[in-house]
Amino acid sequence: MSSRSASTHQDGKTLQSDLKVSQKRTDLNVKLPAQEKKVELGKKVTLLRGISIIIGTIIGAGIFISPKGILRNTGSVGMSLVVWIACGVLSLFGALSYAELGTCIRKSGGHYTYIMEAFGPQMAFIRLWAELIAIRPAAMAVISLAFGQYILEPLFMPCAIPPMAVKLATTIGITSVMYLNCMSVTWTARIQILLTFSKLLAIIIIIVPGVYLLFKGETKNFEDAFDLTNINLSGMPLAFYSGMYAYAGWFYLNFVTEEVENPEKTLPLAICISMAIVTSCYVLTNIAYYTVISAEELLASDAVAVTFAERLLGNFSIAIPVFVALSCFGSMNGGLFALSRMVYVASREGQLPEVLSMIHVRRHTPLAAVLILYPMTVIQVFVGDIYSLLNFMSFLRWLFIGVVVLGLIYLRYTKPDLPRPFKVPLFIPVVFCLTCFFMVFLSLYSDPVNTGIGFAISITGIPAYYVFIHFNNRPKWLQRAIASNVQTPFCRTHISLWIYLENCILSCN
């Protein structure tokens, strides 16, 4: 045996020994031999938990803080409400298309998995690449910064909040969400249900007094709601873009399909119920706003819900920032819960290091897949122009969602015998697919520089795919660095770190 083979054999023995020690320490009172029970993600997402994931992720801070992009681009109150309803219907079309994909391709991973099934690994890797290097950390950082801002606002009012305090509170929020997702799927889902009810309660607090005043005759802000002189036809596409962005999040349940109980029934039902609730909430909330606040005042307000509460609720308005913070926390929790499964599936498919597909033997959570998102998000919080990054990367979301729905149409013809427990009429994915590509071309027309940069970043995934995934004749040092076999130094280091962290957690418990 050569010295290299002997070294590899010895490393394998050391690794096996470490893993045995880890399993003894993590099993504690439960002894589950590997041959008797497979360690995998359990089916713990019920209908109620699925609804809470979708609603809790869609409804973030936007509807409370600044729902004025649609009003600015439509030019009238009436047309803004029409756009809110139309965007809800179009989002429902997209959600129904994803429901069909989720019931015939019963794998977690969402966009990534469906692109993989329809168009192959290269296109799926480009989607994964763009998601991990920019889109997801930036999006997570933005909603987390909103959480940090509004959780501290009651403590600092009426003074300004120091930027560093916001970033520290944001980091605490991100850390708590990461910890929760690492520890328990059940408790993650339970907390998500609680947060979803809290944000629905906040919306009800806005809707009820606003609609009550409307029925009492407060209709002056609705006079000439469809005045043609104020309607801005050139801004209508941008209004639809803003509206579709507000509804984004209906696809997150597809990221955890393997954990959904009875997915062929639960997935479509959860999506339909969630979209009906969200659309109703968005439209009624805007009606309540317009009842109390004029269009000019709404456009001038930095926090519409706070302005609304100050006029109607008096001292209770101080609770609105807390509700906004809870709403942001729910979006953080739901987004991380779903996106960690995409990392897990990509690792399982061999496009990320194998350590990221490992599941905690006792907690049954993809701990490594969750933790990998932590440093990327925290770095985005403290450095970088996050909002500019989102501006030139947001169009990629609609590009790839359009590609996914195009894949549904493609699979209808290439795999007609694929079991489809839930099947939508063909016009639904066609209309939604055209809508997505229209928004992509709109982005290229309205802001060619930023969208061009975003497109260039995604294109870098092509050489990355061939360097890290496709070529077999890579340099030996690169093969050693990215190989997914657990005998490699890369994975031994990560597994040792995993064991260390696990033992620390157990000692704390």
Salt-bridge test for Arg49 and Glu261: reply yes if a basic N is under 4.0 Å from a carboxylate O, no otherwise. no
With rounding to the nearest 0.5 angstrom, report the CG to CG distance, Leu339 to Leu373.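 Here the rounded value is 6.5 Å.
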How many angstroms lie between atom CG of Asn254 and atom OH of Tyr114, to the nearest 0.5 angstrom?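 Nearest 0.5 Å value for the CG-OH distance: 3.5 Å.
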May I ask you to check whether Gln351 and Tyr465 show a side-chain donor-acceptor distance below 3.5 Å? no
Residue pair Glu258, Arg341: steps toward the salt bridge (charged side-chain N to carboxylate O under 4.0 Å, His left out) verdict: CA-CA 10 Å; Glu258 295 173 21; Arg341 271 57 179 179; over 6 Å; no
For the pair Tyr98 and His111, evaluate ring-ring contact (aromatic ring centres under 6.0 Å, His included) and give the outcome as yes or no after the intermediate values. CA-CA 9 Å; Tyr98 267 61; His111 318 307; 5.6 Å; yes
Is NZ or CZ of Arg127 both nearer than 6.0 Å to the six-membered ring centre of Phe125 and within 45° of the ring axis?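 So Arg127 doesn't make the cation-pi contact.
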For Arg412 and Glu100, run salt bridge (charged side-chain N to carboxylate O under 4.0 Å, His left out): C-alpha distance rounded to whole Å, both residues' side-chain angles, the deciding distance at 0.1 Å, then the answer. CA-CA 11 Å; Arg412 287 277 187 96; Glu100 177 178 326; 2.8 Å; yes
Aromatic ring pairing Phe432/Trp250, orientation class (parallel under 30°, perpendicular over 60°, tilted between):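 Correct class here is perpendicular.
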Checking Tyr410 against Phe119 for the ring-ring contact (aromatic ring centres under 6.0 Å, His included) test, could you report, in this order, the C-alpha distance in whole Å, the side-chain angles of both residues, the deciding distance, and whether it holds? CA-CA 9 Å; Tyr410 178 72; Phe119 301 113; 5.6 Å; yes
From CA spacing to verdict: salt bridge (charged side-chain N to carboxylate O under 4.0 Å, His left out), Glu264, Arg420: CA-CA 9 Å; Glu264 63 274 5; Arg420 291 178 173 86; over 6 Å; no
Tell me if a side-chain donor or acceptor on Ser274 pairs with a main-chain N or O of Ile54 at a distance below 3.5 Å.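 Checking the backbone N and O of Ile54 against the side chain of Ser274, no donor-acceptor pair under 3.5 Å is found.
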